[in-house]
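Below, chains carry the letters A, B, ... as their sequence lines are ordered, and counting in each starts from 1.
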There are 2 protein chains.
Amino acid sequence: MPTIKDVAKKANVSIATVSLVIHNNNRISPKTKRRVQKAIDDLSYHPTRSARGLVSQKSGNIGFILTEDHFTRSEPFYSQIFLGTEFIARNYEYYILLTTITPNFSGEDRLPRFVLENNVDGIILAGKVPDLLIERLQEYKLPLAFVDYYPSTGNFPVVMIDNINAGMQATQHLIDCNHTKIAFLAGDFEHPSIHERFQGYKMALEKAGITFDERNVISDLPYPSRKYGYQAVTRLLSQCPDITAIFACNDAMAIGVLRYLKEHGLSVPHDISLIGFDDVEADIYLDPPLTTMRVPKIDMGIEAIRLMVDFLNNNISNPRKVLVPAELIVRQSTCSAA
Amino acid sequence: MPTIKDVAKKANVSIATVSLVIHNNNRISPKTKRRVQKAIDDLSYHPTRSARGLVSQKSGNIGFILTEDHFTRSEPFYSQIFLGTEFIARNYEYYILLTTITPNFSGEDRLPRFVLENNVDGIILAGKVPDLLIERLQEYKLPLAFVDYYPSTGNFPVVMIDNINAGMQATQHLIDCNHTKIAFLAGDFEHPSIHERFQGYKMALEKAGITFDERNVISDLPYPSRKYGYQAVTRLLSQCPDITAIFACNDAMAIGVLRYLKEHGLSVPHDISLIGFDDVEADIYLDPPLTTMRVPKIDMGIEAIRLMVDFLNNNISNPRKVLVPAELIVRQSTCSAA
DNA sequence: TTGGCTTAGTTAAACGTTTAACTTGTGAGT
DNA sequence: ACTCACAAGTTAAACGTTTAACTAAGCCAA
């Protein structure tokens, strides 16, 4: 491997000059620049990361932190976001270092190795992470950015799904199909995202002049899953049999709903229209394929890197918030009301 | 951030001693070791990656190279392998740096930045990569390991699916269900993996004393996909209407087959049993859920890292090959022949 | 007493860059 | 002719480690 010294010798200049040429400093005359550049090319020299990192105190890496349960869960939501960051990072000459942490991070737990080793220039945190972790990270003065989670305290760059708008859009789609008896199946309201989707649901109803009816909402189940989707719709139809459309807060619930309706001889979409949220891979294989709101997971990762790089390069002081829009994907589980 | 100097001062020793304590060198007395260790703990000192990397010429990183098409394809096969490497790497104190390269890598293309910057200690290559790339990488004397691809020249550590055995197992499962008229839908034989599955198919037949019939094999389609699965079964059933079981070389084809059979009023599994290969997420949502051979993608990544780390630590000279087994997942698309 | 061996450290160079501070040469202004 | 400013480089320190080579002290055998 050639070093900067080899280049300097070959071009008959000092190593400082070589460095200045590499950084395109205008203290060097065009003529010398050309000569040095030729030497660089001839030797196919490239500065070493460690040496550069040591003196500049920049690693060229961005850390990505996930809790273990988020990483290993079956639905690959956060790993898609992660892949988004990996994908775009190279355009900005950064590499991503991934690590997971335990969801019950405590005082005894060590911080991620890349923090201790000074091996990242900034950190992206995806999903809910413990407050204590955030506090401890801040001691290291590393820029932080959040994806799909907004810490209760502090003012950070953040990327969130535009859940309110998406909730409105989904509901509006059902309204456009002439539905008025529209249910919302929440699972629970623990997660802010779901509550926001619910707000969007209510806003769309209001805008259309449909009075909101509490009995059309099921929100007292542990969390949104296939199993609880099945349970939710069971109760819904017993208390409101005249429902013609259902907005499930995510696709997992929608799949449970679909199973129930099939088992009870109700046709989707003819008897009941159904819309989900997320756009999981399985949706297109369902019978009928599920209409849903597509969440651009990859894009969320991309946006997070953009925020981080903006910050790193320009040291923008006031942190930006990005709301990424979800997209309505109309398939065959929704149609006009009879 | 405290440096090694701060520790040395606090413990009243030279920085060399601190370094030796960190590396647990037995030239230092237990007493001194304790004193230094206390200073390290009190200051919560941790050596810096760049400085360590500069002098030791080790980055602590492993590179992961994929061709762009492999990364962006919808079926997340290679990205799962990648996540497997990410997942396990931390146990060995390595980080993974990902990059993609163009599938038509030529002389003009630059090598991945992490190679030029001396920022990886070894490289894992997943899927088919251009020979030229391999040649160019070897000039850098970096250890290479391959996953799901075996370069035609050279002797490298490699992780492959045990396709022959898996092909046998899948076929054996159908035989165990008393089927004898068993078709194999290959799409094409371009990819060695598929040809190996086919070999397994033939071996299982032979072992069971079933004579192999060429007409039960469709292998002249461009590649295995849903679309070509549909076409393949169309032709198959016209030339061999007495088939009772089908082994599709991957799940994509199997899904196409399933659609055809449904559309033509054939019941799966009662009229025809169907087995796929891969275990994609959608399988469980199909009607009926698809019996298949599960490929442990995550495990493949894990094995690749193990090979690489073994090599890096012990410099094992003779490269190991690992065959990871696929696992039969019996669902509802196969049953006993009538 | 001398020499040699062992133990427990220390000294100092080296790794490959970046960059602040300095130098040298040239031309313009007075 | 002298100063001053500027252009185009160079010198040398610094970044934070690791490690080969050295040293000093203690002990033991001859």
Side-chain angles (χ1 to χ4, degrees), chain A residues 1-37 39-40 43-61 93 113-121 140-141, chain B residues 1-37 39-40 43-61 93 113-121 140-141:
Chain A
M1 288 292 83
T3 73
I4 200 172
K5 282 185 196 167
D6 301 319
V7 178
K9 195 170 297 173
K10 178 147 188 164
N12 248 308
V13 291
S14 70
I15 63 166
T17 303
V18 177
S19 181
L20 292 171
V21 168
I22 289 169
H23 294 88
N24 200 20
N25 187 306
N26 55 9
R27 205 152 78 240
I28 309 297
S29 73
K31 199 171 136 194
T32 309
K33 265 188 188 169
R34 275 196 301 278
R35 187 156 39 92
V36 171
Q37 191 56 55
I40 289 177
L43 296 171
S44 72
Y45 162 77
H46 214 278
T48 292
R49 186 72 257 179
S50 322
R52 182 177 273 206
L54 180 55
V55 53
S56 70
Q57 301 287 35
K58 299 261 162 268
S59 64
N61 301 324
E93 310 254 282
R113 189 165 53 86
F114 55 54
V115 174
L116 301 173
E117 291 183 340
N118 235 277
N119 202 10
V120 291
D121 300 337
Y140 286 79
K141 307 278 178 212
Chain B
M1 289 290 85
T3 76
I4 200 171
K5 281 187 197 166
D6 302 318
V7 177
K9 194 170 296 172
K10 178 148 187 164
N12 247 306
V13 291
S14 70
I15 64 165
T17 302
V18 177
S19 182
L20 292 171
V21 169
I22 288 170
H23 293 88
N24 201 20
N25 187 305
N26 55 7
R27 205 155 77 239
I28 309 298
S29 71
K31 198 172 134 192
T32 311
K33 263 188 190 170
R34 276 196 300 278
R35 187 157 39 93
V36 171
Q37 190 57 55
I40 289 177
L43 296 171
S44 72
Y45 162 76
H46 213 279
T48 292
R49 185 73 258 176
S50 324
R52 181 176 274 206
L54 180 56
V55 52
S56 70
Q57 302 286 34
K58 298 262 163 267
S59 63
N61 301 324
E93 309 254 283
R113 189 165 52 86
F114 57 54
V115 174
L116 301 173
E117 291 183 341
N118 235 278
N119 202 9
V120 291
D121 301 336
Y140 286 79
K141 307 277 179 211

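Close to D:dA7, at under 4.0 Å from its OP1 or OP2, lies no side-chain N or O of A:S29. Considering only side-chain N and O atoms, B:T3 lies nowhere under 4.0 angstrom from the phosphate OP1 or OP2 of D:dC15. Note on B:T32: a side-chain N or O is less than 4.0 Å away from OP1 or OP2 of C:dG9. In this structure, A:T48 reaches the C:dT17 phosphate: one of its side-chain N or O atoms is under 4.0 Å from OP1 or OP2.
One can place CZ of A:R34 at 11 Å from P of D:dG9, the figure rounded to the nearest angstrom. Between the P atom of C:dA8 and the CG atom of B:N26 lies a distance of 9 Å, rounded to the nearest Å. Between the CD1 atom of A:I22 and the P atom of C:dT17 there is a distance of 7 Å, given to the nearest Å. Between the P atom of D:dT18 and the CG atom of B:N24 lies a distance of 13 Å, rounded to the nearest Å. Rounded to whole angstrom, the span from the NZ atom of A:K31 across to the C1' atom of D:dA7 amounts to 14 Å. Atom pair B:K9:NZ and C:dT10:P shows a separation of 15 Å (rounding to whole Å applied).
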Practice item. Step by step, work out the side-chain contact (heavy atoms from CB on, under 4.5 Å) result for A:V36 and A:L20. Key: CA-CA 10 Å; A:V36 171; A:L20 292 171; over 6 Å; no
Point to revise | Worked check of side-chain contact (heavy atoms from CB on, under 4.5 Å) between B:K33 and B:N24 | key: CA-CA 8 Å; B:K33 263 188 190 170; B:N24 201 20; 3.1 Å; yes
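Between B:R27 and A:L54, the residue anchored nearer the 5' end of DNA chain D, judged by the nucleotide with its closest heavy atom, is A:L54. The residue among A:K5 and A:S19 whose nearest nucleotide of DNA chain C is located toward the 5' end is A:K5.
The distance from the CG atom of A:N61 to the CG atom of B:N119 is 6.5 Å, given to the nearest 0.5 Å. Distance NZ/A:K58 to CZ/A:R49: 10.5 Å, rounded to 0.5 Å.
Out of C:dT18, D:dG16, D:dT10, the shortest distance to the side chain of A:V55 is found at C:dT18. The listed nucleotides are D:dG16, C:dT11, C:dT17; the one nearest the side chain of B:S14 is C:dT11. In this structure, of D:dT19, D:dC15, C:dT17, it is D:dC15 that holds the atom nearest to the side chain of A:Q57. Residue B:L20 has its side chain nearest to C:dT10 when only C:dT10, D:dT18, C:dT18 are considered.
Looking at B:T48, its side chain never comes within 3.5 Å of a backbone N or O of B:S50 through a donor-acceptor pair.
Within 4.0 Å of B:R52, counting heavy atoms only, lie sugar-phosphate atoms of the nucleic acid but no base atom.
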